[in-house]
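Proteins come first, then strands; the chains are lettered A, B, ... in the order of their sequence lines, and each starts at number 1.
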Amino acid sequence: MNSHQGRLAVLLVGLVALATLPFWAHDPYQVHLATLIGAYWILVAGLNLVVGYTGLLSIGHVGLLAIGSYAFAILVDHHGANPYVAMLAAGAIGGVCGFILGLPSLRLPGFYFAMATMAFSMIVSEFLLAQDSLTGGGAGIAVPGFNKPFDTPNGLFWLVMLIAAFVTWLTWNVSRLMWGRAMIALRDSDVAAAAVGVPVFSIKLIVYTFSGVTAAVAGALFGSLQSYVTPETFHFELGLFFFICIVIGGRGAIIGPLLGTIVLTALPEVVAPLAKLGQFFYGALLLLVVLLVPEGIGNLVKIVREKIRPRRLEKHVVAPDLARLAAAIGNRSAS
Amino acid sequence: MLTALITGLAIGALYAAAALAYNVMYSTSKVLSVTTGHIFMVSGVVGAYLIGELKLPTVVGFFGAAAAGVVFGLITEFVAIRRVLARSDEHLWLLSTLALATIIQQGVGLWWGTEPKPFPRLIPQDFTAGIWDQKFWLPIATVAVLMVGLELFYRRTLFGKIFIAVSEDAFAARARGVATDRVRAISYAIAGLLGGIAGFAAGQLTYAYFALGLSLTLNGFIALAVGGLGSNMGAVVGGIVLGLLTSIATFYFGGAYQQTIAVGLLMTFLLVKPEGLFGDKRTRHV
Amino acid sequence: MFRREVVSRLLVAAGALSAAALLPSPAQAQETIKIGWLSSLTGALSSAAIAENQGVQFAIDEINKAGGINGKKLELLTRDTTGDPTKAVNLANQLIHSDKAVAIIGPVNSGESLATVPVVAKAGIPNIIIGTVDELTDPVKYPRAFRVISTNEQWIRSANAYATKTLKRSKVALIGDTTGYGVASTKKAAALLEEQGIKPVYSVVVDPNKTSLTEEMTKAREAGADVVMPWTAATGLLARILNARGDMQWNVPVVGHPAIMGTPIRALLNAPTYWENTFSVGYASTTYGPDKKLPPATQKLMDEIRPKLGGKIDFTFWWVAMGYDTVKVLEHAIKTAGSTDPAAIQAALEKTQNLKGVYSPSYSWGPKERNGFPDAGIAINRASTFNEGSFERAPQ
């Protein structure tokens, strides 16, 4: 079995394990957690293109998540729309918001852009609170579930997995083809990239809009999972959390942020019994990882693999083929 | 209305101090630290603790708070900046300063409590003084003094000139024998001192509250962006503009859209004049 | 190609990690009655949560020392929700599915409660509600959610009644904060006043950390207000309202949210006299009678729990009493039901009438009634009379 087939088999096993998770998980809580991770991952996958590949410091995506949740809830509850259509519509709204936010902000340098996105998420919060006839204000809004066949908790899990797989496949394709290189070129040196003809602003805007769509879709699914959202659900720290998942996981990869999302979502649940000290340790852990493993956990695995089983570098001796050279010259001089 | 103006000036002075601290830290490290707002929180809490709870004299409280700010600035540089800068990655210092900010906020919350606690009266004064109350003019006067002090430091002292040299061209400074690492550490200490003094002066306005940091970080940044990165005059003007704008807007429209207005100011400037009122047009070597 | 290898290996690793994380924990014999406690020990409203936690822990210990319920000990599973609704939902799910709690107390925060109540209800687990937001209980939607604390509407009605009927004021100024609770309560207060035919002369919501309330109080005064009613739980904001009133030397009564009599306020006031002429919604159980004595049940609990609190009671005591009562209510329900079966607990609580408690003189629920606190249990207190967690009654 060559490595290509081996890789495929491994992938298949992983997917089967995920697909059957509700059956071998211990209890519905773990299905809930897995669904949450899946919903987060949909947002993070899109955001990964923005942060991990293009290198933009977007810390306010929680605002787009909120817009997705509320748009979905309002469309289904107040206007009786079909949930699947509503989810797509929420995605479209998220894309438009991402576009509108990105248009003025993407030209700004790093920290400025970060603050602009943070400010955006705060404005969304204020707006949700103040417009209470539309959003329920501080009391929040109930988020309906989906229709058959996805109307049970397991059903929702599968829906989320389907969409997550689709988004992952999309982003993976984008990343490994020409656009991926363009984005990485942008991240590492946008001046050089522009000099080589990479359409800097267009790529940034398109990628950012795409991340708005995924964030809003994730918001619809997240809201449905929570079954009830309030403006407080979308607090600023959540936006930071998504950003952290990508950086901790490792930029420039798909697997790294996926790992990062899984670990960071599951971590507070493990830390939960610590009660008061939870947040403190979370910050300390973040600092440790940033200082000690700045490449990210995903790359840490690569580094450890290298140490355990270093890739053997083949020695290529570069020597001129004199006979052939002589023949070529000889032919020439002869004619 | 007059009170709204004075309150706006006072809180604007606090934002200006945060912007000044940003400037000082940025000048030597090209880093905008998320921990800027937390310096003020730490010094306010320490000041309230020393004077209010330990009942030490005001002077001791003042030096204690300033020292706390300096120490926190040094910690920021040592823990969050030094190692990270070597990698010259934009994300990482944002993350490390963010992590440090979370740690300090949670740590103070665990020790001090999560409710705002009183900041003691520094100068005996009747509370019916209205707009002449010290909680307004203490921050305003302090920040004015700090700004003048900072300018004098940069222009008149040798150390200040070394700072300017490092901020303009770190390589050249290093080539001339300046220990840029140490200069950077000292600049963070100075930013901590700035924050420490200003946070102490503004304590009566804000109360000693563990969650002040993030809001000051954002608003201080807005002041900085409006005024122009790198300009101290801009920092002060930006802070005052922001403070007055939010105060007057809240006076007329109520508090429901306060953040939106502040951010609206930020976005307007970033679109129309991204380098701020007094900043230089930012050029980059390519 | 090397990278693809890494990618696929990492996928396996991720799958293995997730599997490991989700591995079933070893089965335990159900020797204890597990009670979940969702509390925001850090974050917003933490002082209330911490005090309530004291009461809950004390009740659990007391019951266990007496042998538990029907021979089984109680096991308290405390989870810090940090004021985050998403975390609260996660932890609620964890308590229900992973830890197999038979009942859940809390959360403390209304924002978190709004998110967790539907989740707990869907799982059919009994939920003792200690948030005040009115929408938290509904006999049809959430049949197993029973509220122990008074409702927000009860608070607002009592305050309005005191301001308009006892103090005989009619020009009301409402001040709320920009949180969900503040905005909703201010609206509710205005609506309930309009039922009495009173329209507020001034109404505003402000950021809870706004540094000075002088402008708002000046505007209220100019609008001719003769009573100021704040609806916010933010101690900083409440203190600033009182400070503004005092600095302006405006002798208007302030009637409002229970937090205005909390101990942190005292320290934040510019002068102790600023607490005069301030009245707060409070409880008969923590109000001194004309004989300067507390109700016997309250006094008993206070004396018993005082050593655990460090000898001094430095905070609002009804939080502690309420925490204590939540556990006692569950004890009553389980004893009456004879088991921890959720349906039996629901039936037991629906039948409960006049259950004596410490925080409330009596709790009564019914098949269509999920709010157990009686209107008579609320008393208006004078804010400045804090003494060991309780207060004097406001002049009638």
Side-chain angles (χ1 to χ4, degrees), chain B residues 1-8 10-12 14 48 52-53 105-106 109-110 113-121 125-133 135-136 139 202-212 214-216 219 243 246-248 250-259 262, chain C residues 40-50 82-83 175-179 182-183 186 202-219 222 233-240 243-250 259 262-271 273-274 315:
Chain B
M1 176 67 175
L2 195 56
T3 324
L5 283 175
I6 302 287
T7 318
I11 203 78
L14 194 57
E53 296 203 8
Q105 173 160 323
Q106 291 299 316
L110 284 171
T114 54
E115 293 288 327
K117 286 204 196 158
F119 193 87
R121 202 74 166 148
Q125 186 191 22
D126 198 27
F127 279 102
T128 56
I131 58 171
W132 295 110
D133 193 290
K135 74 176 185 214
F136 297 130
Q204 294 180 66
L205 197 60
T206 60
Y207 295 151
Y209 182 45
F210 87 116
L212 270 182
L214 210 57
S215 148
L216 268 181
N219 284 311
T246 47
S247 192
I248 295 176
T250 318
F251 179 76
Y252 282 117
F253 304 118
Y257 286 102
Q258 197 175 317
Q259 288 285 0
Chain C
S40 50
L41 294 168
T42 58
L45 282 192
S46 60
S47 38
I50 294 171
T82 72
I175 303 183
D177 65 22
T178 51
T179 63
V183 170
T186 314
Y202 177 66
S203 175
V204 72
V205 290
V206 292
D207 184 285
N209 290 318
K210 188 168 195 290
T211 51
S212 165
L213 263 290
T214 318
E215 304 93 79
E216 284 77 10
M217 292 296 275
T218 311
K219 281 199 197 162
E222 285 165 7
T235 40
L237 182 60
L238 290 167
R240 286 176 173 120
N243 280 338
R245 177 184 70 160
D247 291 348
M248 292 161 55
Q249 297 177 306
W250 182 27
T263 35
I265 301 272
R266 174 180 41 178
L268 290 169
L269 291 176
N270 290 342
T273 52
Y274 286 10
F315 42 77

Q) Which one, C/Thr218, C/Val205, C/Thr178, leads in non-hydrogen pairs under 4.5 Å with chain B? A) C/Val205
(Q) Counting heavy-atom pairs closer than 4.5 Å to chain C, which one of B/Leu2, B/Thr206, B/Ile11, B/Leu212 comes out on top? (A) B/Thr206
Q: Over all heavy atoms of both residues, which pair between C/Gly236 and B/Pro116 is shortest? Give the atoms and the distance, please.
A: N-CG, 3.8 Å
Q: Taking all non-hydrogen atoms of both residues into account, name the closest pair between C/Arg240 and B/Leu205 and its distance.
A: NH2-O, 2.8 Å
**Q.** Spacing of C/Lys210 atom NZ and B/Thr250 atom OG1 [to the nearest 0.5 Å]
**A.** 6.0 Å
Q) Checking heavy atoms, do the side chain of B/Phe136, its backbone, both or neither come under 4.5 Å from chain C? A) side chain
Q: Please state whether the side chain, the backbone, both or neither of C/Asn243 comes within less than 4.5 Å of a heavy atom of chain B.
A: side chain
Q) What is the minimum heavy-atom distance between B/Thr7 and C/Ser212, and which atoms define it? A) CG2-CB, 3.9 Å
Q. What closest approach, in Å, do C/Glu215 and B/Phe251 show between heavy atoms, and which atom pair accounts for it?
A. CB-CD1, 3.7 Å
Q: Count the heavy-atom pairs under 4.5 Å between each of B/Tyr209, B/Tyr207, B/Phe119 and chain C, then report the option with the highest count.
A: B/Tyr207
Q) With only heavy atoms counted, which part of C/Asn270 is less than 4.5 Å from chain B, the side chain, the backbone, both or neither? A) both
Q) In Å, rounded to the nearest 0.5 Å, how long is the span from OG1 of B/Thr246 to CG of C/Asp207? A) 10.0 Å
**Q.** B/Thr3 portion near chain C, given a 4.5 angstrom heavy-atom threshold
**A.** both
